[in-house]
Amino acid sequence: MDEAQWDSLLSNVLEGDCVPFLGAGIAKPCLPTGAELARELASEAGYPFDDKSNLARVAQYIASGHRDPLPVKRQVIKSLGERERLAIDRLGDPDEPHSILAALRLSVYVTTNYDALMYEALRRRPDTTAVHRELSRWNPLITAAPTIDIEAMSPTRATPLVFHMHGHSGMPASLVLTEDDYVNYLVKVSDKQHMAEVLPGVIQEQLVWKPLLFIGYSLEDWNFRVLMRALARQLDTMQRLRISVQLPPDPDIVPTDQHDRFERALSDYLGVRDVVVVWQQAADFMKELRARLRERGSSG
């Protein structure tokens, strides 16, 4: 990322004019990435195919055996449970990425992770009067659940909103996990009549009008591909800064000198352009962002 792009990002963050999107890489090493979780599930289930790092496909295989997706979703929540509790205990660490994000005092945080780390990090801020948490209502099993009136609220820096695009661990049915889940999710988000159930109006407005910062994703993950497909219409509406902090790809799959070519090819595939890609671990990027913000503050 060049200095002009850094300058723009820093200015936006200081003004509260930015929406972070959190991927699994932001919780490393406390919580597994999608690929790591997939390999754990594949080993436990005796998954017979070679693509053991494909979480959606491994989960689909397990769900097919039960003829019901809920058992594998509960299995995932149980698997993450103890590690999530340990990760929450680490939120007191000033270098913890969620704590750094909370300190930015933004009004909306969007995550495709199932955990409560962002919500808990914001709750620990002494100047936060309330933290709201909502999820995407992409299937009928979620619509009857208790909810805040998200369309009536106006998130602020003192009353931020954490929005779970792919569900959260408190409600197993809300998880977007299997291949069928991703297909159904995309069908819903592509239908104008039902899109507001998946992405409420207040979230759509944030995506259109504010710069976006994707942190902890991998261009190789189906999770990220589906996310970008789902957002493509909103992302093409306004030309604001969009930065994606990507986990460096496996050098055996994508050599370092091929990163630019790989990035362009996947941008074409995803149908989303003008995204600045930063190949860096999420924790390292967040510490650099904090250091640059402090430098900006001391020189301002």
Side-chain angles (χ1 to χ4, degrees), residues 1-14 18-37 53 80 83-84 86-106 109-113 115-122 124-125 162 211-221 223-224 227-228 241-263 266-267 275-299:
M1 197 157 76
D2 62 34
E3 289 303 315
Q5 291 162 344
W6 267 114
D7 184 68
S8 181
L9 174 61
L10 297 175
S11 297
N12 291 332
V13 168
L14 289 170
C18 181
V19 177
F21 273 72
L22 281 59
I26 199 167
K28 290 183 66 177
C30 294
L31 295 179
T33 63
E36 291 166 347
L37 180 58
S53 296
L80 295 177
R83 286 177 283 190
E84 180 177 341
L86 292 174
I88 289 175
D89 290 341
R90 287 190 67 246
L91 291 175
D93 182 345
D95 288 336
E96 202 285 324
H98 297 85
S99 298
I100 297 175
L101 273 172
L104 301 183
R105 298 189 68 246
L106 302 171
Y109 296 79
V110 182
T111 179
T112 52
N113 299 332
D115 60 71
L117 293 177
M118 193 66 249
Y119 175 75
E120 292 296 337
L122 288 167
R124 294 177 182 221
R125 284 194 55 83
V162 178
L212 307 179
L213 177 61
F214 300 89
I215 312 170
Y217 288 99
S218 169
L219 286 174
E220 301 165 271
D221 287 348
N223 178 288
F224 184 69
L227 169 64
M228 297 303 277
L241 181 67
R242 300 190 288 261
I243 297 172
S244 183
V245 182
Q246 294 285 330
L247 303 180
D250 186 337
D252 293 332
I253 299 174
V254 185
T256 302
D257 60 359
Q258 295 293 314
H259 280 187
D260 289 345
R261 180 180 176 185
F262 182 62
E263 175 189 333
L266 273 177
S267 292
V275 176
V276 177
V277 176
V278 181
W279 302 96
Q280 191 174 12
Q281 295 293 344
D284 294 336
F285 178 85
M286 291 309 306
K287 285 187 279 190
E288 182 174 359
L289 174 60
R290 180 181 59 189
R292 285 176 175 265
L293 285 169
R294 286 175 175 173
E295 183 180 347
R296 172 73 68 92
S298 64
S299 62

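It should be emphasised that the depicted structure is a prediction, and the values quoted were computed from it without experimental measurement.
Here the closest non-hydrogen pair linking L101 and Y109 is O-OH, 2.8 Å. Residues E288 and Q280 approach most closely at OE1-NE2, 3.5 Å, considering heavy atoms. Here the shortest heavy-atom pairing between A121 and L91 reads N-CD1, 3.7 Å. The heavy-atom pair separating L31 from L80 by the smallest distance is CD2-O, 4.1 Å. Among all heavy-atom pairs drawn from L289 and L104, the shortest one is CD2-CD1, 4.1 Å. The shortest heavy-atom contact between C30 and A87 is CB-CB, 3.7 Å.
Residues R124 and S99 form no side-chain contact, since every pair of their non-hydrogen atoms from C-beta on lies 4.5 Å or further apart. The shortest distance between side-chain heavy atoms of H98 and L22 falls below 4.5 Å. When side chains are defined from C-beta on, N113 does not count as touching E84, because their heavy atoms never get closer than 4.5 Å. Side-chain contact between M1 and L9 is present, with at least one heavy-atom pair separated by less than 4.5 Å.
When the side chain to side chain donor-acceptor pair (under 3.5 Å) test is applied to S11, the partners found at least two apart in sequence or on another chain are R296. Applying the side chain to side chain contact (heavy atoms under 4.5 Å, CB included) test to R105 and every residue at least two apart in sequence or in another chain returns R125, D127, R157.
With D95 as reference, R290 is the one residue of R90, K287, R290 to meet the side-chain hydrogen bond (donor to acceptor under 3.5 Å, both in side chains) rule.
Panel note: side chain D7, backbone E3; no donor-acceptor pair is recorded below 3.5 Å. Panel note: side chain E96, backbone D93; no donor-acceptor pair is recorded below 3.5 Å. No donor-acceptor pair closer than 3.5 Å links the side chain of E120 to the backbone N or O of L117.
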Next on the checklist: One pair to check against side-chain contact (heavy atoms from CB on, under 4.5 Å): L106 and V19. What are the steps and the verdict?
Outcome noted: CA-CA 7 Å; L106 302 171; V19 177; over 6 Å; no
Checklist entry - For I100 and M286, what are the C-alpha separation, side-chain angles and deciding distance, and is it a side-chain contact (heavy atoms from CB on, under 4.5 Å)? => result CA-CA 7 Å; I100 297 175; M286 291 309 306; 3.6 Å; yes
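Below 30°, between 30° and 60°, or above 60°: for F21 and F214 the angle between ring planes is between 30° and 60°, a tilted geometry.
Between atom CD1 of residue I26 and atom CZ of residue F285 there is a gap of 10.0 Å, rounded to the nearest 0.5 Å.
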